[in-house]
A.B. asks: 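One structure, pasted below without further comment.
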Number of protein chains: 4
Amino acid sequence: MKPEASSVDKGPGAGRPRDPRIDAAILRAAAELVVEVGYSNLSLAAVAERAGTTKTALYRRWPSKAELVHEAAFAVPPSAVTAPPGDVAGDLRAMMAGARDSFTNPVVRAALPGLIADMAGNAELTARIMERFAGLFEVMRYWVADSIGRGDARADVDPDRLVELIGGATLLGMMLRPGEDLDGDWVERTADIITHGVMV
Amino acid sequence: MKPEASSVDKGPGAGRPRDPRIDAAILRAAAELVVEVGYSNLSLAAVAERAGTTKTALYRRWPSKAELVHEAAFAVPPSAVTAPPGDVAGDLRAMMAGARDSFTNPVVRAALPGLIADMAGNAELTARIMERFAGLFEVMRYWVADSIGRGDARADVDPDRLVELIGGATLLGMMLRPGEDLDGDWVERTADIITHGVMV
Amino acid sequence: MKPEASSVDKGPGAGRPRDPRIDAAILRAAAELVVEVGYSNLSLAAVAERAGTTKTALYRRWPSKAELVHEAAFAVPPSAVTAPPGDVAGDLRAMMAGARDSFTNPVVRAALPGLIADMAGNAELTARIMERFAGLFEVMRYWVADSIGRGDARADVDPDRLVELIGGATLLGMMLRPGEDLDGDWVERTADIITHGVMV
Amino acid sequence: MKPEASSVDKGPGAGRPRDPRIDAAILRAAAELVVEVGYSNLSLAAVAERAGTTKTALYRRWPSKAELVHEAAFAVPPSAVTAPPGDVAGDLRAMMAGARDSFTNPVVRAALPGLIADMAGNAELTARIMERFAGLFEVMRYWVADSIGRGDARADVDPDRLVELIGGATLLGMMLRPGEDLDGDWVERTADIITHGVMV
DNA sequence: GCATAACCGAGACGGTACGTCCTGTCTTTTA
DNA sequence: TAAAAGACAGGACGTACCGTCTCGGTTATGC
């Protein structure tokens, strides 16, 4: 049995079904532990123990620490912008705040640096993790097209670059401030530059 | 003997002096190996072996893998902008290209994700690595103040946010493209947004 | 359901009857595999797979690896001496050759050392395996009594010791020669000593 | 560093020397544990723990459980016959008792079945273990030649078969009696048969 | 000139985590 | 009920790395 990246169904099939409580217990244990000890000090044996199960059950579900932690950290993918009204400055500030909130989540914050390290040189893992954020790019493309259509944004604004700017600044800002969070002022000042960069 | 973060001189002192060729050989070996196998698969024993020396000599010089690789990767700190004339668009494009060039260096690219992981939760290491980039923030502050003074930049542009936007977008852009580099068009499109965000 | 040591019938009973072809397939697979990979490397999952069935069916029939292999190896219990005429030297040589033939069987040879190991500290298993050889002691007692009666054997020959000498020498001789077999000369020379030890 | 079968010296060499107390502690722990839990339940991690060291140190010294236990059990090789006077019956009885004493040693008794299993199919290990008993065959050859020379033994007695008979009967006798020992009567009765088999 | 201090190589040390394997049991669907 | 499939707990395996240490032996300086 090759482990599925996530514990998805694989047809009804025969055999004893996996106990879904074990899935949940492992994810919960991984989330707790990664916050407590950090990604690199996170041992899969410790996760299994806290989840009240064994390494065997864990490896049956996830092929690596990265896949497990990735799923534990991003159980709910970050949403870009929920309310899409026509206010460029407000929307960008909301996106910025959303990115800040996603990355500031304790589990994400503890897991992200390690995940980044494991992703490097593992294109497959990178792709799987990144597809979770694919929606963000899609939403941004619609938003930019809409803003241009309304005459609020310059015609040559590249939406993919915009995602990279917002996400990258948040990522780097978080890394530069171990211990502390990104406050409202930070969001304001960063969104301000981007807003002027987008507006017509 | 506590090892010095880098192999700086510590007075004449007595005793046999360190062989500087070993310093160089270790740094070279570390740079080569981190590119070949990646940060997490980099073993200090392997570095010592390729350098033709031993772990003992290595640990005498650097206290940890992170410190060693950090020094191997950033032997020359990245310069922000060399020619500082009064062209906002040109300057920002040059800074963007400079960041791109720094992060695209094979050794940096191979080492950075792992360094980020080791930095998390190690504020001391973070500080030491970050001080290498302190000059960037300083230069940016001067550049912004100058541009504002010339009436080319808006008065409320925050230079620190600007550094985070440029560096973060470059970092994230690199991470999203394992294998490929950031081309001129990428630099152009990203710098374009920032430029409009800065200009008055 | 406790499994029976061997797959004996347990009355007609209710429910679906066991498929006897599975019994045979498992025993054949166990015999083949123990020769190929040795006792300690023999996994019950592999036996089940080669037999075209599953561990469930296997464990329903035999409670442990030792019981299964024991039955696979000693499907036919070794006979002591088939023709019982009154020739001490000839009979002992025949017994010696019989022991040699039993232990030289490839399956027995591959299985025996592991079985010995599993028997140690498991008196119940030891008893079950040993009762398969109980007939040998019985036959030997008759044979010795008969030989003494005919005046061919000394009166104080202990038949149980005789069995241990013959079996033990064969066992040890086999162990000392991994790869090769015990030839006719070996049988001759060993039987010679015992014969003189028995004869009046 | 390939582990040496036994922790023999390998020249003066460089590097930190092995701590001989660790060798001793491991052997002692292995001897104790094999008696307590049996060979198959003996885990190398448990041996290391009881010895107050780690698996690493253990694997540095012995390549396998068999090699370690073999050395722990046969720290002193069994001597064949110490007093070699010219009494065939007495000498053989002494040899028999010596074999009995060797195999009855608690450590040997606990270790032997498992060792036998591991030896099977590992000719190299078999050879290494057997060479420890090579002296026995040598001594027996001298003893037989001497006895023949004195006219006490028949000329065609094969000394190697004699070793196999004595050792084999003891081995098998021990295996057939889990829990109990081989008593003086057993030695007497078995030696009696062999003595008559040898004497002229 | 010779002691001292720090270097160098080699490699063992305690410790920890890894990912795999196997055993014997249990739980499910299907026959 | 049995059969097939496969998950489950538990635990050993042998390997790899880390960062420290203990050696014997080698340079430099500095008294």
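Treat the numbers as computed from the prediction; the structure is a model and nothing was measured. Letters A, B, ... mirror the listed sequences (proteins, then strands); counts begin at 1.
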A.B. asks: Between E:dT20, F:dA4, E:dC13, which one does the side chain of D:I22 approach most closely?
C.D. replies: E:dC13
A.B. asks: Could you tell me how far apart C:R61 (CZ) and E:dG24 (P) are, to the nearest whole angstrom?
C.D. replies: 17 Å
A.B. asks: Want to settle it: does A:P20 or C:D19 sit nearer the 5' end of DNA chain F, counting the closest nucleotide to each?
C.D. replies: C:D19
A.B. asks: Does any non-hydrogen side-chain atom of D:T53 lie less than 4.5 Å from one of D:L58?
C.D. replies: no
A.B. asks: How about B:S64 and B:E67: do any of their side-chain heavy atoms sit closer than 4.5 Å?
C.D. replies: yes
A.B. asks: Enter the distance from D:L44:CG to D:L33:CG here, rounded to the nearest 0.5 Å.
C.D. replies: 10.5 Å
A.B. asks: Please step through salt bridge (charged side-chain N to carboxylate O under 4.0 Å, His left out) for the pair D:E36 and D:R50, ending with a clear verdict.
C.D. replies: CA-CA 12 Å; D:E36 292 174 22; D:R50 176 167 301 199; 2.8 Å; yes
A.B. asks: Identify all stems in which DNA chain F takes part, counting only runs of at least 3 consecutive pairs (Watson-Crick or G-U wobble, each distance under 3.5 Å), and give each as one range with another, ordered by first number.
C.D. replies: E:1-31 with F:1-31
A.B. asks: Where is the tightest heavy-atom contact between D:P113 and C:I116, given as atom of each residue plus distance?
C.D. replies: CB-O, 3.8 Å
A.B. asks: Taking all heavy atoms of A:R18 and all of A:R60, pick out the closest pair and write down the distance.
C.D. replies: NH2-O, 3.2 Å
A.B. asks: CG/A:D118 to OH/B:Y39 distance, rounded to the nearest 0.5 angstrom?
C.D. replies: 12.5 Å
A.B. asks: Whole Å only: how far is the CD1 atom of B:I26 from the C1' atom of E:dC7?
C.D. replies: 13 Å
A.B. asks: Which nucleotide wins on minimum distance to the side chain of B:R18, given the candidates F:dG14, E:dC7, F:dC8?
C.D. replies: E:dC7
A.B. asks: Nearest 0.5 Å, please: how far is CD1 in D:I129 from CG in D:L112?
C.D. replies: 9.0 Å
A.B. asks: Can you measure D:L68 atom CG to F:dA12 atom C1' for me and round it to whole angstrom units?
C.D. replies: 15 Å
A.B. asks: Do B:V47 and B:W62 come within less than 4.5 Å of each other through their side chains, counting heavy atoms only?
C.D. replies: no
A.B. asks: Minimum heavy-atom separation for D:V107 to D:A72, with atom names?
C.D. replies: CG1-O, 4.3 Å
A.B. asks: Measure the distance from CH2 on A:W62 to P on E:dC18 and round it to the nearest whole Å.
C.D. replies: 15 Å
A.B. asks: What heavy-atom pair brings B:V35 and B:A110 nearest, and what distance separates the two atoms?
C.D. replies: CA-CB, 3.8 Å
A.B. asks: Of A:S64 and B:P17, whose closest DNA chain E nucleotide lies nearer the 5' terminus?
C.D. replies: B:P17
A.B. asks: Measure OH/A:Y59 against P/E:dA17 and give the value in whole Å, please.
C.D. replies: 12 Å
A.B. asks: To the nearest Å, give me how far apart CG (B:L58) and P (E:dA10) are.
C.D. replies: 14 Å
A.B. asks: Take the protein atom CZ of B:R16 and the nucleotide atom P of F:dG30, then report the distance between them rounded to whole Å.
C.D. replies: 17 Å
A.B. asks: Is the shortest heavy-atom distance from the side chain of D:R61 to the side chain of D:I22 under 4.5 Å?
C.D. replies: yes
A.B. asks: Between F:dC17 atom P and D:R60 atom CZ, what is the distance in whole Å?
C.D. replies: 14 Å
A.B. asks: What parts of residues 49-56 of chain D reach DNA chain E, counting only heavy atoms under 4.0 Å away?
C.D. replies: D:T53, D:T54, D:T56
A.B. asks: Taking only heavy atoms on the protein side, list every residue of residues 30-48 of chain A lying under 4.0 Å from any atom of DNA chain E, sorted numerically.
C.D. replies: A:L42, A:S43, A:L44, A:A45
